[in-house]
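These notes are about the structure you will find just below.
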Amino acid sequence: MIEAISTWANELGAQYGVNPWIFASIYVGAIPLFLASIAWLVRNARAGKPTLLPVMCAGTCFVSAYVYLAIVGKDIPLWVWFFLGALILYGIWSTVRDVRRKIAAQDLSTGE
């Protein structure tokens, strides 16, 4: 099963000029950095500090694998870009909602 998935990913990568192992490494490797950026964002927001840098870091981590795809990929079907756009928009909406919820939870617990 794993070999079949590996073969499929390598064939797909060759077709579109993307190394699937690099894409997966960027995708998985960005997850802890994204979560750390969100924690930094929440901490800064609660403390009333600027949040621009943590937001920029989180955004960069969130789209890093897709930036790799955009730079090295060739002949990526248009539907893939629409699908990725929808995923990114949903991710933004979900992240903003969760961050607001975490900040509000802190405000309620401290009474500030």
Side-chain angles (χ1 to χ4, degrees):
M1 169 91 170
I2 292 175
E3 185 161 331
I5 292 172
S6 177
T7 301
W8 171 76
N10 285 326
E11 289 172 359
L12 200 57
Q15 179 180 353
Y16 295 114
V18 176
N19 184 324
W21 304 111
I22 292 175
F23 180 84
S25 297
I26 294 170
Y27 192 89
V28 172
I31 292 171
L33 298 173
F34 173 76
L35 294 174
S37 296
I38 293 300
W40 181 24
L41 169 64
V42 171
R43 188 173 52 246
N44 278 9
R46 287 177 180 166
K49 295 180 181 177
T51 58
L52 179 62
L53 190 55
V55 167
M56 297 291 286
C57 289
T60 301
C61 292
F62 191 77
V63 299
S64 59
Y66 309 121
V67 170
Y68 168 74
L69 180 67
I71 291 171
V72 302
K74 60 180 181 181
D75 299 326
I76 307 294
L78 188 59
W79 70 266
V80 171
W81 295 115
F82 283 119
F83 181 73
L84 290 175
L87 282 177
I88 289 170
L89 289 174
Y90 174 76
I92 291 168
W93 173 78
S94 176
T95 302
V96 167
R97 183 190 61 200
D98 291 347
V99 167
R100 286 181 178 166
R101 191 176 297 148
K102 288 177 183 178
I103 292 169
Q106 174 66 20
D107 291 343
L108 289 176
S109 68
T110 62
E112 296 176 6

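When reading the values below, keep in mind they use all heavy atoms of this one structure, side chains included, and skip hydrogens, waters and symmetry mates.
- Formation of a donor-acceptor pair under 3.5 Å by the Asp75 side chain with backbone atoms of Tyr16 is not found in this model.
- The structure places CD1 of Ile103 at 12.5 Å from CZ of Arg43, a figure rounded to the nearest 0.5 Å.
- Considering only heavy atoms from C-beta on, Leu87 stays 4.5 Å or farther from Phe62 through its side chain.
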- [ ] In sequence, state the C-alpha distance, the side-chain angles, and the governing distance for Trp93 and Tyr90, and then conclude on ring-ring contact (aromatic ring centres under 6.0 Å, His included).
- [x] CA-CA 5 Å; Trp93 173 78; Tyr90 174 76; 5.7 Å; yes

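- The heavy-atom pair separating Arg46 from Lys102 by the smallest distance is NH2-O, 2.8 Å.
- Residues Leu52 and Ile38 fall into different hydrophobic clusters, defined by Ile, Leu, Val, Met, Phe, Trp and Tyr side chains chained together at heavy-atom separations under 4.5 Å.
- Checked by atom type and distance alone, the side chain of Tyr68 never pairs as donor or acceptor with a backbone atom of Tyr27 at under 3.5 Å.
- Shown here are the side chain to side chain donor-acceptor pair (under 3.5 Å) partners of Asn10, two or more places apart in sequence or in another chain: Trp21.
- Residue Phe34 comes nearest to Ala58 through the heavy atom pair CD1-O, 3.3 Å, listed as atom of the first residue, atom of the second, then distance.
- Within the model, atoms CH2 of Trp79 and CG of Leu84 stand 8.5 Å from one another, a figure rounded to the nearest 0.5 Å.
- For Trp8, the CH2 atom counts as loosely surrounded, since its 6.0 Å shell holds 12 or fewer non-hydrogen atoms of other residues, nucleotides or ligands.
- Interatomic distance, Ile88 CD1 to Thr95 OG1, rounded to the nearest 0.5 Å: 11.5 Å.
- Separation of atoms CG (Leu53) and CE (Met56) is listed at 8.0 Å; rounding is to 0.5 Å.
- When every heavy atom of Trp40 is checked against every heavy atom of Cys57, the shortest pair comes out as CZ3-SG, 3.8 Å.
- Ser64 contributes a side-chain N or O that, together with a main-chain N or O of Cys61, makes up a donor-acceptor pair within less than 3.5 Å.
- Of the inter-residue distances, the one linking Ser37 atom OG with Leu33 atom CG reads 6.5 Å to the nearest 0.5 angstrom.
- In terms of heavy atoms, Pro20 sits closest to Ala9 at CG-O, 3.4 Å.
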Open item on the list: Set out, in order, the CA-CA distance, both residues' side-chain angles and the distance that settles side chain to side chain contact (heavy atoms under 4.5 Å, CB included) for Leu69 and Trp81, then state yes or no.
Closed with: CA-CA 10 Å; Leu69 180 67; Trp81 295 115; 4.0 Å; yes

